[in-house]
Amino acid sequence: MESSLEFSGSLGSVSSLASRCRTFKVLVIGDSGVGKTCLTHRLCAGEFPSRMEATIGVDFRERLLDVDGEKIKLQLWDTAGQERFRKSMVQHYYRNVHAVLFVYDLSCPSSFSGLTSWLEECRQNSVRQEIPRFLVGNKTDLRESRRSDGLVSQERALDFARTHHMTFFETSAKSSPKHRSKGRQPGGGGGAPGQQSAVEDVVAAIGAKLKGQKKPSVSSPPAYSGGATGLVTYVKTNSSFTCFNCDVLCRSLCCCFPG
Ligand SMILES: Nc1nc2c(ncn2[C@@H]2O[C@H](COP(=O)(O)OP(=O)(O)OP(=O)(O)O)[C@@H](O)[C@H]2O)c(=O)[nH]1
């Protein structure tokens, strides 16, 4: 599959493509420190970031993909794992979501146990069963240097993925795998045990799954509808604003942006 890389900052080219390609909102959730920011950065910018800070609220990255000749845009919502940085905005993260990426750190079993509370948050925010779910065990590069009893086994994770109808991957945001697997579909299939995936395989699987979906709602921002009372909500993140009137990445280009 041919694909193109797009930095989240290059809005000029993204906005010119917005009218031509379908946009899918992909929510990335998981405990703090599992590598959500590194993973989304690698997925969108093609590299492991050199410096990391905890995400405050939500940050956005975009990736343009060519799936069987159709251009689609993945809008990755990298949410804060720390409760104190999520607060009351959580319900907005889940609005109009097209796919959910659950991330855990395979060298940190508590982050795997924590997946049940992320599932519960999805349930509370009415994420429907038909919304595609992906399970990503990150930091496979640490597998060789750690004792196996301190790691989340692939079997255990695969079992969880099957139970919750998720496509399962093990990958590393930091380094590329020696032996690649294309992920495991819910109910089995996929690569041989012990193999891991490249982050490219994860993004390709998300794109392929979403392409088959009906037209999403966020191909371009709708006109302002907040009214004089100013119902538009903005969230300041590390680098951007999100307008919950449009429910799309908009920053200062947004038709709703004040001033
Ligand atoms: N070895 C290794 N370290 C990683 C990998 N991915 C992320 N890290 C490290 O894990 C730490 C946390 O990464 P983040 O991407 O900030 O984690 P996060 O899930 O976004 O954390 P919050 O923003 O607090 O929710 C950083 O020190 C990263 O360098 C990986 O694949 N391998």
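Please read all numbers here as calculations on a predicted model, not as lab measurements. Just so you know, ligand 1 is whichever comes first in the structure, and atom 1 is the first atom listed for that ligand.
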| said: Quick check: do R22 and K211 have side-chain heavy atoms less than 4.5 Å from each other? | reply: yes
| note | Contact set, ligand 1, heavy-atom distance under 4.0 Å, ordered by chain/number, equals D31, S32, G33, V34, G35, K36, T37, C38, F48, M52, A54, T55, A80, G81, N138, K139, D141, L142, S172, A173, K174
| query | Do T55 and T37 get their side chains close enough for a donor-acceptor pair, meaning under 3.5 Å? | reply | yes
| said: Strictly distance-based, threshold 3.5 Å: is any side-chain N or O of S107 a donor or acceptor partner for the main-chain N or O of L142? | reply: no
| task | Check for a donor-acceptor pair, side chain of H41 on one end and backbone N or O of E47 on the other, with a separation under 3.5 Å. | result | yes
| task | Determine, stepwise, if the pair F168 / F160 fulfils ring-ring contact (aromatic ring centres under 6.0 Å, His included). | result | CA-CA 9 Å; F168 171 56; F160 183 89; 9.5 Å; no
| task | Go through the steps to decide whether K139 and E170 satisfy the test salt bridge (charged side-chain N to carboxylate O under 4.0 Å, His left out), and finish with yes or no. | result | CA-CA 8 Å; K139 307 194 188 181; E170 277 191 346; over 6 Å; no
